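All values derive from a computational prediction rather than experimental measurement. The chains referred to below are lettered A, B, ... by the order of the sequence lines, with proteins before strands, and numbering in each begins at 1.
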Amino acid sequence: MTRTGQLPRALHPGAWWLWAIGLAVVAGRTTNPLLLALLLVVVGHVVVRRRTDAPWALSFRMYLIFGAVIVVLRVAFRIVLGGGQGEHILFTLPEIPLPDAAAGIRLFGPVAAEEILGGLYDGLQLATMVVCVGAANVLANPKRMLKAMPGALHEIGTSVVVALTVAPQLIESVQRVRRARRLRGARERGRRALRGILIPVLEDALARSLALAAAMASRGYGRTGPATGRARLTVGTLVIGGLLGIAVGLYGILDTGAPGYLGPPMLLTGTAVAMLGFALGGRGVRRTGYRPDHWRTGELLTVAAGLTAAALMHTASRTDSAVLFPALSPLSWPDVTLLPLLAVLAGLLPAYLSPPPPPTPAAGPPTPASAPDTAAPAAHPQHKEAAA
Amino acid sequence: MIRFDQVGFTYHGAQTPTLTGVDLRIGEGELCLVAGRTGVGKSTLLGAVNGLVPRFTGGLLTGTVSVADRSTASAPPQEFAHLVGTVGQDPLAGFVTDTVEEELAYGMEQLAVPPATMRKRVEETLDLLGIADLRHRALRTLSGGQQQRVAIGSVLTAHPPVLVLDEPTSALDPTAAEEVLAAVLRLVHDLGTTVLIAEHRMERVLQYADRLLHLPGDGTVLDGTPAALMPALADADVAPPVVHLGRIAGWHPLPLSVRDARRHAPALRARLADHRPPAPRHSPAEPEPLLTARRITVTYGRTVAVREVDLTLHTGEVTALMGRNGSGKSSLLWALQGSGPRRSGTVTVSGSDGDPGHLPAHRARSLVGLVPQSAADLLYLQTVDAECAQSDQESDAAPGTCRALLDRLAPGVPGDRHPRDLSEGQRLALVLAIQLTAAPAVMLLDEPTRGLDYRAKRAFGRVVRDLAARGHSVVTATHDVEFVAATADRVTVLAEGETVADGPTADVVCSSPSLAPQVAKVLRPQPWLTPDQVAAALTPVEARP
C-alpha cells in the first residue's frame with residue numbers, strides 16, 4: 001500500500017455500496033446475536049470514521065432508529081401472536097378467545113423465552129441488514145452515485161437528481177405560502193385552507209418546472225445522437241432484463257432456502273446482460289463526465305473487505321452452521337467461532353484502509369441569511385405558528 | 001451572427017401577433033439592449049433566438065430565425081446549446097445540479113467536451129466571473145448576485161458565441177447588478193461574445209449598449225444606436241432619468257450616461273443655484289409616532305438576520321428600506337408585521353394595546369399590512385372578483401370594500417380575469433387592495449417594483465404617495481434607487497441586520513455613490529433627486545398652475 005491512497009478524498013460511491021452489500025450478505029447468513037451486534041459495531045465504526053458533514057451523511061441515526069423499531073416490532077408480534085411454543089414460560093397474558101374460523105391463531109396467552117429470543121434474533125438480523133444499507137447511503141454521495149451511472153442511463157439519472165432538488169424547494173414553497181396565508185388572516189380550516197396553500201404551491205412548482213425544462217434544453221440536455229428508435233429499444237430491453245436478473249440473483253444469494261440456480265448463476269447472467277446493454281447504449285452517447293470518480297487502491301480495498309466478509313461467511317455457513325443459527329431449544333448461550341468472527345471483522349478494514357473523507361468545504365452562512373430575502377422568513381415558520 | 005428574416009409570432013389563442021415583420025442582423029461582438037414595456041414581447045424575441053419560442057411556449061412563428069446560418073426550425077433548442085447561452089430572470093429556477101462547480105460543468109458534459117478541457121474551462125470561468133472562492137458552495141446558499149454570476153458562468157463554459165440575458169439584474173441590489181454587468185461587459189470586450197440583453201432599468205445598461213432594439217408594442221422592432229433612438233423614445237417609457245434630465249435642460253446630443261451628462265452639468269447647476277428642492281414632506285414635529293419598534297432582533301439558528309434595530313414610523317410618511325441582498329430587510333418587515341419570527345424586541349402601534357407579534361393573525365393585519373415579495377402567494381382563487389369577495393369576508397369589511405380599493409389603485413381591472421393573467425402592476429395592486437381591506441394604518445411593501453416598467457413604477461409611486469396622503473405610513477423595501485428618489489421621504493439602510501443610515505431621502509442617497517440616483521450624480525453637490533424636481537424648479541413661477 002502506498003501513501004497516495006491516504007490523501008483525503010471522496011471514495012467512489014460504488015465502492016461503499018459493494019462493501020455494504022457484502023456486509024448485508026454476512027448479516028443475512030446468521031441470526032447469532034453476538035455476531036450481529038458485533039457487525040453493527042463494525043458498521044457504526046466505519047461510518048463514524050469515514051462520513052462527511054454533508055446533509056445525507058447525518059442520517060445514520062435514522063437508520064439505527066429504524067432498526068430498533070424493527071426489533072421491537074418483531075418481538076411485539078411474537079408476544080401478541082404467540083403460538084405458545086417453548087418450555088420456559090416467562091409470564092402469561094390473558095388469552096383472547098377467537099372464533100373457530102381463526103383456528104391456529106392465538107392472541108396473547110403464555111409468553112415463552114424461546115419466542116421472545118426468536119423474535120429478537122430475527123429482528124436483529126433484519127435490522128442489521130437495514131443498517132448496512134443505511135451505511136452505504138450515509139457514506140456515498142447519492143448524487144455522485146447517479147453520476148457514476150452508465151451513459152445509457154444518464155437521462156434517468158438527471159431526472160432523479162432534479163427530483164432530489166425539487167423536494168426541498170417544494171417544502172420551502174409550502175412554508176412561504178403558509179406564512180403568506182397568515183398575512184391574509186386565514187381563519188378557515190380544513191379543505192378550504194388546504195386549497196389556499198395547494199394552489200399557489202402547485203402553480204409555483206409548475207412554473208418552476210417549465211423554467212427548468214427550458215433551461216435544461218437550452219443547455220443541451222437530451223441532445224440525441226445518431227441512435228435510431230430500434231437501437232434504443234434493444235438497449236432498453238437488455239438493460240432492464242439484466243437488472244431484473246441481478247435482482248433475482250441477489251434474492252437467490254440472500255435467501256438460503258432458494259434453489260441454487262437462482263443464486264450466483266442468475267446474478268452473473270443478469271450482470272452480463274445489463275453490461276451488454278450499457279455498452280451498446282454507451283456507444284451512441286456523446287457525453288462526458290466532469291471529474292469522474294476513479295477506481296483506485298482505496299476503492300478496491302473497500303470492495304475487497306466487503307467481498308471477503310461475504311465469502312468467509314459463505315464458507316462458515318457450511319462448516320459452522322450451528323454457530324450461525326443458535327438453537328433455541330434447548331436454550332443456550334450463543335457461541336462464536338473464529339471463521340464467522342473473522343468474516344465480521346473483515347468489514348472493519350475500510351475504516352483504516354480507505355482514504356479519509358475530504359474536509360468540509362467552507363460552507364457559507366446558512367441559507368436563511370444569504371439567500372435572496374424571501375428565503376429568510378420562509379425558513380422558520382414554526383416560530384409563530386403556535387400563536388395562531 | 002443572428003438573423004431574423006420577416007419574423008412574426010402569435011401566441012396560441014392571441015388576437016394580435018406579438019411580433020410582426022421583424023428583420024434583424026446582429027453581428028459578432030455586439031451588445032444589444034432590448035427595451036420596451038412589460039408584455040410587449042421582449043422575452044419572446046429573446047426566446048426565439050435559440051428556438052425556445054415556439055418549441056417551449058407554443059404559438060405560431062413565421063419567417064426564419066437563424067444563428068450562425070442554422071435555422072431554429074431545423075433542430076430543437078438542444079442542438080443550439082453550443083451556439084446560444086441563455087440566462088433567465090430567476091437563476092435558481094434554471095439550476096440543474098446543486099454545487100457551483102458541477103453547475104459550471106453541466107453544459108459541457110452535455111456537449112461531450114473532453115474532461116481535460118472541461119477542467120481548464122471551469123477554472124477559467126471561475127476566474128473570469130470572480131467566483132473562484134465559491135466553487136464548492138451549494139447553489140442555494142449563494143446570494144442573488146452570486147447566483148446570477150454562476151448562471152452566466154454555467155452557460156459561458158460551453159463557449160457560446162451568443163449570450164442571451166433576460167433581465168439578469170431585476171432581483172439584484174445596485175452593487176450586485178454592477179458586478180453582473182461588469183462581467184458581461186468583460187465578455188463582450190475580451191471574447192467578442194454577442195450579447196442580447198433585456199432590461200427594465202435602462203439606467204443600468206444603456207450606456208454600455210452598442211445597439212438598442214426597442215419594441216414599441218405593436219409587434220415591430222425599432223433598431224438603431226442608443227444615441228440615435230433615444231431622442232424619439234424619451235416619451236416611450238424606456239428612457240432613464242438622465243435622458244429625461246437632458247431633455248428638460250435642452251442638452252444636445254442627449255446624454256446616455258452620467259458621464260456624458262456631467263459635461264453639460266455646470267451650466268445647469270448655475271441655473272439651479274437659486275433654487276432648492278422641495279423640503280421633505282415629513283415634519284419632525286409629529287406629536288406621536290404611528291408605529292414604534294424597539295430593539296428588534298431576528299435570528300435563524302446562529303445567524304443574526306436583524307440585530308437590535310429601532311424604527312419609528314409616522315403618519316403620512318413613506319420610508320424606503322434599502323440594503324444589499326440578504327441584509328435583513330425582509331426579515332425586519334416580517335417581524336414588524338408579526339407573522340415572521342422575532343427573537344426579541346417590541347412593536348407598538350398607536351391606538352392598539354397589543355404587539356402585532358402577539359395578536360392573532362387577523363387582528364395583526366388590521367394594524368400592520370404586508371405585501372410580500374412574491375405577492376402572488378396570497379392569491380388562490382379563480383377570478384379577481386372572487387379574491388375581492390373573499391378578502392371582504394376575511395376582513396369583516398362591507399362587501400365591495402376591496403373592489404373599491406382596487407379601482408382606486410388600478411382602475412379598470414376586469415373582474416372575471418384570473419389573477420395569474422393580470423399584468424405585474426395589476427396583480428400588485430390587487431394584493432395591495434386585499435391587504436388594505438383590513439384598514440391597517442401601517443403598510444409594509446417588500447420589493448414591490450420588481451418586474452415593473454417605468455410607467456407602471458410611476459403609477460405605483462403615485463399609489464404609494466396617495467396612501468401616505470390618506471394617513472397611512474408606508475415602508476417599502478427596495479433596490480430601486482430611482483423609485484426611492486421619486487417616492488420616499490425617508491431612507492433607512494440596513495447592512496448585516498444593523499441600521500447604518502437613517503434620515504431624509506436626499507441626505508442618505510446623496511451621500512453614497514451606490515445609492516445615488518442618476519440626477520443626484522449629475523448635479524452633485526446640489527441635492528436634486530429626480531428630473532421632475534429639476535423641471536419644476538426650472539419652470540418660471542408664474543407659469544406654474
With a 4.5 angstrom heavy-atom cut-off, is it the side chain or the backbone of [X] that approaches chain A, or both, or neither?
X	answer
B/Val84	backbone
B/Ala93	both
B/Arg55	neither
B/Glu101	both
B/Arg365	side chain
B/Thr437	neither
B/Ser391	both
B/Leu378	both
B/Arg363	neither

### Query
How about B/Pro77 and B/Phe56: do any of their side-chain heavy atoms sit closer than 4.5 Å?
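Side chain of B/Pro77 against side chain of B/Phe56, heavy atoms only: contact under 4.5 Å found.
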Quick one: does [X]'s side chain have a donor or acceptor within less than 3.5 Å of a partner on [Y]'s backbone?
X	Y	answer
B/Glu103	B/Ser154	no
B/Gln373	B/Glu447	no
B/Gln435	B/Leu432	no

### Query
So, B/Glu496 and B/Arg324, do they make that salt bridge, N to O below 4.0 Å?
no
### Task
Taking only Lys NZ, Arg NE, NH1 and NH2, and the carboxylate oxygens of Asp or Glu, determine whether B/Lys329 and B/Asp173 approach each other closer than 4.0 Å.
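No, no charged N to carboxylate O under 4.0 Å.
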Specify which of [options] makes the most heavy-atom pairs with chain A at under 4.5 Å.
options	value
B/Val87, B/Leu370, B/Thr86, B/Thr99	B/Leu370
B/Ala151, B/Ala81, B/Pro76	B/Ala81
B/Val298, B/Val122, B/Val155	B/Val122

### Query
When rounded to the nearest 0.5 angstrom, what distance separates CG in A/Leu198 from CG in A/Leu202?
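If we round to the nearest 0.5 Å, A/Leu198:CG and A/Leu202:CG are 5.5 Å apart.
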### Summary
So OG of B/Ser331 and OH of B/Tyr300: to nearest 0.5 Å the spacing works out to 3.0 Å
### Task
Determine whether the side chains of B/Glu394 and B/His362 contain a donor N or O and an acceptor N or O closer than 3.5 Å.
no
### Task
Sort out for me which of A/Ala211, A/Ala207, A/Ser209, A/Ala213 touches chain B most, counting heavy-atom pairs under 4.5 Å.
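Most heavy-atom pairs within the cutoff with chain B belong to A/Ala213.
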### Task
Side chain from CB out, backbone as N, CA, C, O: work out which of these in A/Ala180 comes under 4.5 Å of a heavy atom of chain B, or both, or neither.
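For A/Ala180, the contact with chain B is made by backbone and side chain together.
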